[in-house]
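A short write-up of the structure that comes next.
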Amino acid sequence: MGVEIKETPVSGTEFESMKRFVYEYLDASVKNEDEGGRMRWYPWHSAEYRFNHTLNVLQIAEEIARKEGADVDVVRVAALFHDVAKLDADQEVHAEEGARVAREYLASRGSFPTSFVDRVCRAITAHTHSGEVDELSLEGQCLIEADLLDKVGANGTVLMLLRMGYEARTHMDAATMVDRVYERGKEACKRIESDTGRSIAHERLKRVRWFREWLELEVPEMEPDPEIAESE
């Protein structure tokens with residue numbers, strides 16, 4: 001009886017090593033910046049925030065990949081490296097630069113098949129694709145949907161409210177900021193193609209609506225948002 005050999009094995013130990021590498025790369029990118037740096041004073045311009053975003057995307061992308069039949073190994077590794085160059089490359093090319101870093105890492109450590117490395121790098125490069133998501137590979141779709149979804153829901157709301165303090169806004173602007181999260185979330189979710197991604201998007205948008213309603217209940221001066229009310 002023949003033994004089936006999995007083409008793209010990524011062991012738990014290897015994956016943990018990749019995680020450490022990605023965090024250390026992000027941390028070094030911030031430390032090596034010139035004084036001040038791009039948006040240095042925002043808390044999300046940090047290795048900690050970017051790595052947390054990476055882990056969020058990893059979790060969402062893996063769920064979509066498993067339920068939609070994508071290659072989970074490809075998606076997990078691509079998700080881990082997708083923003084590795086976010087803090088030290090121009091925004092327009094950070095996906096390509098991230099793919100380069102991932103290729104160098106995978107080629108120099110372990111014995112990953114060339115076909116596996118190529119698929120990982122294609123997914124990373126495609127995560128900034130602005131066209132239709134279904135033009136991408138299934139693995140690329142999983143990654144781009146997960147990246148969009150991390151900005152929606154409770155997490156996106158917290159980040160927007162955190163931004164208020166850095167812009168010297170009062171709490172009375174909270175409803176406006178939450179509305180912005182909801183609108184951006186709706187626009188982002190228009191690009192979601194998978195059934196799994198749409199289900200996640202629905203739940204996350206629902207949490208934003210709930211939060212907006214709670215604000216209205218506790219802060220009488222806030223005007224109800226008619227569009228959110230109508231969507232219920």
Side-chain angles (χ1 to χ4, degrees), residues 22 25-26 29 37-39 42 44-45 49-65 67-72 74-104 106 117-153 155-157 159-160 163 177-205 208 227 231:
V22 168
Y25 191 100
L26 291 168
S29 297
R38 176 174 52 85
M39 293 176 66
Y42 270 7
W44 41 90
H45 184 62
Y49 166 73
R50 187 53 50 186
F51 189 63
N52 181 256
H53 164 71
T54 294
L55 296 182
N56 292 347
V57 171
L58 169 62
Q59 182 181 45
I60 300 167
E62 185 173 353
E63 179 180 352
I64 296 173
K67 293 180 178 178
E68 297 294 327
D71 187 314
V72 176
V74 170
V75 171
R76 291 176 78 224
V77 176
L80 195 55
F81 280 91
H82 83 281
D83 269 357
V84 69
K86 183 81 169 182
L87 302 180
D88 70 352
D90 290 338
Q91 289 296 94
E92 294 76 12
V93 297
H94 83 272
E96 291 81 358
E97 184 63 13
R100 182 193 65 77
V101 173
R103 185 177 296 279
E104 288 183 359
L106 295 171
V117 176
D118 288 344
R119 292 172 71 199
V120 167
C121 292
R122 281 198 298 272
I124 295 171
T125 300
H127 90 269
T128 55
H129 177 68
S130 59
E132 297 297 325
V133 174
D134 59 8
E135 295 173 351
L136 307 174
S137 68
L138 184 53
E139 291 71 30
Q141 289 182 45
C142 293
L143 178 55
I144 200 169
E145 288 187 0
D147 198 28
L148 289 167
L149 287 166
D150 186 45
K151 302 175 180 69
V152 180
N155 185 47
T157 302
L159 290 171
M160 189 62 80
R163 180 173 179 173
M177 302 300 271
V178 175
D179 290 345
R180 190 179 302 176
V181 175
Y182 186 75
E183 290 304 317
R184 287 180 177 178
K186 284 202 308 180
E187 287 302 309
C189 291
K190 288 178 181 177
R191 302 187 66 204
I192 304 297
E193 293 288 341
S194 72
D195 290 340
T196 305
R198 286 174 179 154
S199 177
I200 295 170
H202 173 75
E203 288 302 314
R204 288 184 167 227
L205 284 172
V208 180
E227 184 173 352
S231 66

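Position 1 is the first residue of the sequence, and the numbers go up from there. Bear in mind the structure is a predicted one, so any value in this text is a computation, not a measurement.
Remark: Gln59 CD is loosely packed, at most 12 non-hydrogen atoms of other residues, nucleotides or ligands lying under 6.0 Å away.
Ser29 and Leu87 get closest at one heavy-atom pair: CB-CB, 3.9 Å. Val75 and Ala65 get closest at one heavy-atom pair: CG2-CB, 3.9 Å. Contact between Cys189 and Ala201 at its shortest, heavy atoms only, is SG-CB, 3.2 Å. Considering all non-hydrogen atoms of both residues, Val181 and Gly153 come closest at CG1-O, 4.3 Å.
The backbone N or O of Val74 sits less than 3.5 Å from a side-chain atom of Asp71, completing a donor-acceptor pair. Looking only at distances, a side-chain donor or acceptor of Arg204 sits under 3.5 Å from a matching main-chain atom of Leu149. Formation of a donor-acceptor pair under 3.5 Å by the Glu193 side chain with backbone atoms of Gln141 is not found in this model. Not a single donor-acceptor pair under 3.5 Å links the side chain of His53 to the backbone N or O of Arg50. Judged by distance alone, the side chain of His94 and the main-chain N or O of Glu97 form no donor-acceptor pair under 3.5 Å.
Qualifying salt bridge (charged side-chain N to carboxylate O under 4.0 Å, His left out) partners for Asp134, counting only residues two or more places apart in sequence or in other chains: none.
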Given the rule in the side-chain contact (heavy atoms from CB on, under 4.5 Å) test, do Glu145 and Ser194 qualify, once you have shown the distances and angles that lead to the verdict? CA-CA 8 Å; Glu145 288 187 0; Ser194 72; 2.6 Å; yes
Go through it in stages, so that I can follow the logic: the residues are Glu68 and Asp195, the test is side-chain contact (heavy atoms from CB on, under 4.5 Å), and I'd like the CA-CA distance, side-chain angles, deciding distance and then a yes or no. CA-CA 8 Å; Glu68 297 294 327; Asp195 290 340; 4.0 Å; yes
Val133/Ile192 under side-chain contact (heavy atoms from CB on, under 4.5 Å): CA gap, chis, key distance, verdict: CA-CA 7 Å; Val133 174; Ile192 304 297; over 6 Å; no
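With respect to Lys151, the side-chain contact (heavy atoms from CB on, under 4.5 Å) criterion is satisfied by exactly one of Asn155, Leu148, Asp147: Asp147.
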